Amino acid sequence: MNILNTSFNTPYKTAPFSKIKTEDFLPAFKKAIENAKAEIDDITNNDETPTFQNTIEALDYSGEELDRISSIFFNLNSAETNDDIQKIAQEVSPLLSEFSNDITLNEDLFKRVKAVYDSKSELDLTTEQETLLDKKYKSFSRNGANLSEDKKQKLRAIDKELSQLKLKFGEHVLAETNKFEMLLTDEADLSGLPEGAKEAAKQLAESKEKDGWLITLDYPSYIPFMTYADNRELRERLSKAFGSKGFHNDNLDNQDVVLKIANLRFERAQLLGYKTHAHFVLEERMAETPEKVNEFLNELLDKAKPAAQEEFEKLEAFAKETDNIDQLQKWDSAYYSEKLKQKLFDLDDEKLKPYFKLENVINGAFTVANKLFGLQFEEIDDIDKYHDDVLTYKVTDSEGELVSIFYADFFPRSGKRNGAWMTSYKPQMIKNGINERPHVSIVCNFTKPTKSKPSLLTFNEVTTLFHEFGHALHGMLANTTYPSLSGTSVYWDFVELPSQVLENWCYEEESLKLFATHYETGEVIPMELVEKIKASSTFHEGMQTLRQLSFGLLDMSWHGVDPTKITDVKAHEVEAFGETKLYPEVEENCMSTAFSHIFQGGYSSGYYSYKWAEVLDADAFEYFKQEGIFNKTVADKFKTFVLSQGGTENPMDLYKKFRGQEPQPEALLRRAGLLK
Ligand SMILES: [Zn+2]
């Protein structure tokens, strides 16, 4: 028997990592897909009239075995992969997408779902059940299940063309990025760059058998050069190369691709009965409509613009006084901002790190969770781990009841991808009257301990830990009936609220004194350092806000309108940027032709969500600040209406139950000190 196809006979039903062999995965997946298909057949072959229970609920509980195996496999593929696992991923991914297409295109199944959906008003459903019904119905209708046969075919054709265009867009951007090289042979041209960046440029040149220093458009090369290089002409050259990707009227040009993608998305939306692509996308977002997104962006723009202009003028004056610059240009922005920041704050990571020993920070996060939500974390050693570095905990509530199993995996190694993330091995759900508790994990890439020194975190790593821990709390405290609505399964512009809000506890004296103590002397972090961290974290917040808003507005200008009349990509963009512009226009540049987030990735009509999430977290934290950052009542409300509810209700309704009102954009500006 393949152990992956059994229900695990382990403590808390945790994944039996030590007993799973890599070669078990593929056969286990195939078997689980077969079983899941049989479960779907049972639903469609049922002779009884479709009901919420025998159709919608049955559908949501189906595929549990497949989900369990997928979680383990793809989590390992991110955190502890190898060639064999990657090979299996290549084989398994098409099987999984085929299976999920089989469900979406299953007409018998849709008929039953639709029958339940159409009788919705006669059913006595809870809010959660209604949400689930809507969600299931839309997973079919938004993929064209209600269309006539010829329109369905049209939709498939558009989808196919769109996926090819997105691929082409990405290939062009990549080729443009790789094509450009700036070889410097005079060391004086690297003046200002930190040693590490110089060294990297030298090595890059060597790897291509060139003499000198090579600068490219890859971020690790581009960012330090734009931030530190004293040579203004070279910064200009690099900046213009970066800003003109896909905009050279050659075989790698993306202007046509952009126009085609925007038009096909519009056509697709219309086919499905939506006014624009943004209307289609935002139907499943907290923001709901393009009108609301535009209103949000413009309101923030109105309020942030004076502050941004003031910051810009100060930066201009600083550049004038430092280097006699008459007209500040885009390629001066990072350079003088960094210089000004150094001058104002003189904050360096080495001064902070001794106060943030990893063990202290973890305990700090646990203490915060204890004070807010009454959670207890106990390290356990009776469950399997996929790597020795992984820490395992049992999480209980104030009555000692099991809340969750928690895995934490902090250090980089080959086989782990970059970045930091939260994930789960077992979802929370209530099935057959049993509240199945979740198994949650966070994975990071923090500074490793050495023989002589413990792991000391940079401040950025500290906030990252709290961020991922916030996501983890959303998973751990989940208390819903249906697995697809549980924990972090919420609208995409709502999911960053728990994670971002928790970061705020890293800036407050009251919480820092609980854990930010010097690893050798035990001294609590000096408050003047904390004040500096705070002040520098909102440095140039006005200009940053304007920049983010400009991207959000550009996104909406492509997707929230009928794009059929747009013919000139650059002219369209200049208009969209009109209100957010601070720097002189650069004729050679175009953002849209390399805006991969919205034309290749999944952010179309979604770029606003970065700022949206910040507003939510600032507004939520303001409530905590008013009542006390460890106030039990506010924390209880946050747990009851946000953390435990997953996606069972419209997120705006949940938020209002917690906060008593809709989120206010001003909260973000107030936190940054931009509103008096
Ligand atoms: Zn996040």
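Both counts, for ligands and for their atoms, begin at 1 and track the order of listing. All values reported here derive from a predicted model rather than from experimental measurement.
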Which residues pass the side chain to side chain donor-acceptor pair (under 3.5 Å) test with Ser221, sequence neighbours left out? none

Charged N to carboxylate O below 4.0 Å: is that the case for Glu284 and Lys135? no

Electrostatic pair Arg437-Glu401, nearest N-O below 4.0 angstrom: no

Between the Zn ion (ligand 1) and His467, which N, O or S atom of the residue is the nearest one? NE2

Does Glu468 put an N, O or S atom under 2.8 Å from the Zn ion (ligand 1)? no

Which atom, counting only N, O or S, brings Glu496 closest to the Zn ion (ligand 1)? OE1

Only counting residues at least two apart or in another chain, list the ones meeting salt bridge (Lys or Arg N to Asp or Glu O under 4.0 Å) with Lys657. Glu649

